[in-house]
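In what follows, a single structure is set out as structure tokens and then discussed.
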Amino acid sequence: MSEEAGSQEGNGKVSRVIRIGTRKSQLARIQTDSVADKLKELYPDIHLEIVAMSTTGDKILDTALSKIGEKSLFTKELENALDRNEVDLVVHSLKDLPTALPPGFTIGAVLKRESPYDAVVLHPKNVGKTLDSLPENSVIGTSSLRRAAQLKKRFPHLEFKDIRGNLNTRLKKLDEKEDFAAIILAAAGLKRMGWENRISQILEPEDCMYAVGQGALAIEVRARDADILEMVSVLHDNDTVLRCIAERAFLKHLEGGCSVPVAVHTEVKDSQLYLTGAVYSLDGSDSLKETMQTSIAADNKNLEEVDERVQRVGVTAHKISGEVQDRAERLGVDLANLLLSKGAKEILTVARQLNDSR
């Protein structure tokens, strides 16, 4: 807790102040406010202060994310504030968090996932069209190698160019210029901003699988802060946690990141967790894709004491069966090993080298 901050209320009772770190963008603030509202509802006695700051990823807007070569583009400054006790917890989009967190930090909650799919937002002059029906050589804006690799293969008549900036900036670039026929954005961000009406098309997994953790919000805390960890742990959504542990374990074992095209799709059905994972060359011409599954039914007779110090790919979820979390993590590793045995390392190495040389 930051200096055990407290504030005196009219009834003489001291109420705790919890500081929440966030990026400054409108979307980040909306996401953080939604978490703050949930915490306030659960713990009416706490006072929440939101501390907004800019990150490296927010400041470098003229370079593709995949070229900056920094693993914690949108998280480092926030984690520094957490480390200095200036904030008590940080709200992130889970897909921004590297699969290995700095020592001393953990993801204390993964909230129920919004749609993880990607969405097509068309230039106003193209309303009514789809990626299929856009004219030959139409330019599509995306800052993601993963999206570009999949869509180049699926829609060879289109061209893909980098577009950076927060959601507001990218939509402005689309609407006010003629540079792009459409841009690809995460559906979750558009929905949270209340801009669902801008979604022209949701990309199904056969067209474009999503990024690891996409659509889920994560709360990062200091691993030693047992009380804060306990407080936020009630926000965990079991299915989302297990899906994201499997996805993050898959990415970590592949040693993937922003600079290589890796995509996933997960589903929980009838106590089974299904994970589809894929790797791509930069132009999408070379790819490997496989699906595996595991049971996530907990054996209630064997509900072990979950060690709060145990993290799985950066996630601490002590209210969810450790055995089931282990199965989710193993699923990700096993699927990564299957793809590696079929040549995924070579595809990713070439993609990384090509990206570095561009």
Side-chain angles (χ1 to χ4, degrees), residues 22-23 25-35 37-38 57 65 73-75 90-99 107-121 142-147 150-151 166-167 170-171 183-220 232 235-252 256-258 261-269 273-278 296 313-315 317 320 328 332:
T22 178
R23 288 165 64 192
S25 76
Q26 188 184 351
L27 176 59
R29 289 302 304 261
I30 285 171
Q31 292 176 168
T32 302
D33 287 346
S34 74
V35 170
D37 289 346
K38 286 184 172 73
L65 292 176
L73 276 177
F74 296 109
T75 59
V90 176
V91 178
H92 302 280
S93 290
L94 181 57
K95 74 172 181 177
D96 291 338
L97 276 173
T99 51
I107 296 167
V110 180
L111 283 73
K112 188 172 176 61
R113 196 174 209 164
E114 176 57 89
S115 165
Y117 299 108
D118 287 317
V120 179
V121 180
T142 173
S143 55
S144 157
L145 294 180
R146 168 191 60 81
R147 289 169 181 152
Q150 293 179 82
L151 296 172
N166 59 38
L167 275 188
R170 279 184 272 179
L171 282 172
I183 58 176
I184 313 295
L185 300 167
L190 289 163
K191 289 181 175 183
R192 290 184 182 127
M193 292 284 275
W195 295 341
E196 209 161 346
N197 64 328
R198 289 304 307 264
I199 297 176
S200 307
Q201 182 182 356
I202 292 285
L203 294 170
E204 297 298 329
E206 49 273 19
D207 289 333
C208 191
M209 296 203 304
Y210 42 82
V212 165
Q214 186 159 310
L217 296 182
I219 301 177
E220 188 177 17
V232 301
L235 298 177
H236 268 310
D237 176 73
N238 286 25
D239 283 1
T240 305
V241 170
L242 297 172
R243 287 170 66 186
C244 290
I245 284 176
E247 292 171 18
R248 285 171 64 81
F250 172 71
L251 182 67
K252 185 178 185 183
C258 273
V262 174
V264 292
H265 178 256
T266 48
E267 195 176 8
V268 171
K269 202 170 162 187
L273 171 60
Y274 296 85
L275 170 64
T276 301
I296 52 165
V313 277
V315 179
I320 300 172

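When reading the values below, keep in mind they use all heavy atoms of this one structure, side chains included, and skip hydrogens, waters and symmetry mates.
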Next item on the list: Please report the C-alpha distance between Leu242 and Val268 in whole Å, then the side-chain angles of each, then the deciding distance to 0.1 Å, and finally whether the side chain to side chain contact (heavy atoms under 4.5 Å, CB included) criterion is met.
Entry: CA-CA 9 Å; Leu242 297 172; Val268 171; 5.7 Å; no
Any side-chain heavy-atom pair from [X] and [Y] closer than 4.5 angstrom?
{"X": "Pro205", "Y": "Tyr210", "result": "no"}
{"X": "Val315", "Y": "Cys244", "result": "no"}
{"X": "Glu196", "Y": "Ile199", "result": "yes"}
{"X": "Leu217", "Y": "Ile219", "result": "no"}
{"X": "Ile183", "Y": "Leu171", "result": "yes"}
{"X": "Leu111", "Y": "Thr240", "result": "no"}
{"X": "Ser34", "Y": "Arg192", "result": "no"}
{"X": "Ser93", "Y": "Gln31", "result": "yes"}

Checking the side chain of [X] only, and the main-chain atoms of [Y] only, is there a donor and an acceptor separated by less than 3.5 Å?
{"X": "Ser25", "Y": "Ala28", "value": "yes"}
{"X": "Arg248", "Y": "Val313", "value": "yes"}
{"X": "Glu220", "Y": "His92", "value": "no"}
{"X": "His265", "Y": "Cys208", "value": "no"}

If you compare all heavy atoms of [X] against all heavy atoms of [Y], which two are closest, and at what distance to 0.1 Å?
{"X": "Arg113", "Y": "Pro116", "result": "NE-CB, 3.6 Å"}
{"X": "Ser115", "Y": "Ala188", "result": "O-CB, 3.4 Å"}
{"X": "Ala218", "Y": "Ile107", "result": "CB-CG2, 3.9 Å"}
{"X": "Met209", "Y": "Gln150", "result": "N-OE1, 2.6 Å"}
{"X": "Leu94", "Y": "Gly213", "result": "CB-O, 3.7 Å"}
{"X": "Lys95", "Y": "Ala211", "result": "CD-CB, 4.3 Å"}

Approximate separation, where rounding is to 0.5 Å, of [X] [atom1] and [Y] [atom2]:
{"X": "Lys252", "Y": "Thr99", "atom1": "NZ", "atom2": "OG1", "answer": "6.0 Å"}
{"X": "Ile320", "Y": "Ile245", "atom1": "CD1", "atom2": "CD1", "answer": "6.5 Å"}
{"X": "Ile202", "Y": "Asp207", "atom1": "CD1", "atom2": "CG", "answer": "11.5 Å"}
{"X": "Asp118", "Y": "Ile184", "atom1": "CG", "atom2": "CD1", "answer": "7.0 Å"}
{"X": "Lys112", "Y": "Leu235", "atom1": "NZ", "atom2": "CG", "answer": "13.5 Å"}

Margin query: So, applying side-chain hydrogen bond (donor to acceptor under 3.5 Å, both in side chains) with Gln214, which one of Glu247, Arg146, Glu114 is it?
Written below: Arg146
Applying side-chain contact (heavy atoms from CB on, under 4.5 Å) between [X] and each of [options], report the one that passes.
{"X": "Arg23", "options": "Asp96, Thr32, Val91", "answer": "Asp96"}
{"X": "Trp195", "options": "Leu27, Val121, Leu185, Leu190", "answer": "Leu190"}
{"X": "Val212", "options": "Leu251, Leu97, Thr266", "answer": "Leu251"}

Check: When you look at Leu203 and Leu151, which way does the side chain to side chain contact (heavy atoms under 4.5 Å, CB included) test go after all the steps?
Finding: CA-CA 10 Å; Leu203 294 170; Leu151 296 172; 4.1 Å; yes
Check: Where do Asn166 and Gln26 land on the side chain to side chain contact (heavy atoms under 4.5 Å, CB included) test, with the steps shown first?
Finding: CA-CA 8 Å; Asn166 59 38; Gln26 188 184 351; over 6 Å; no
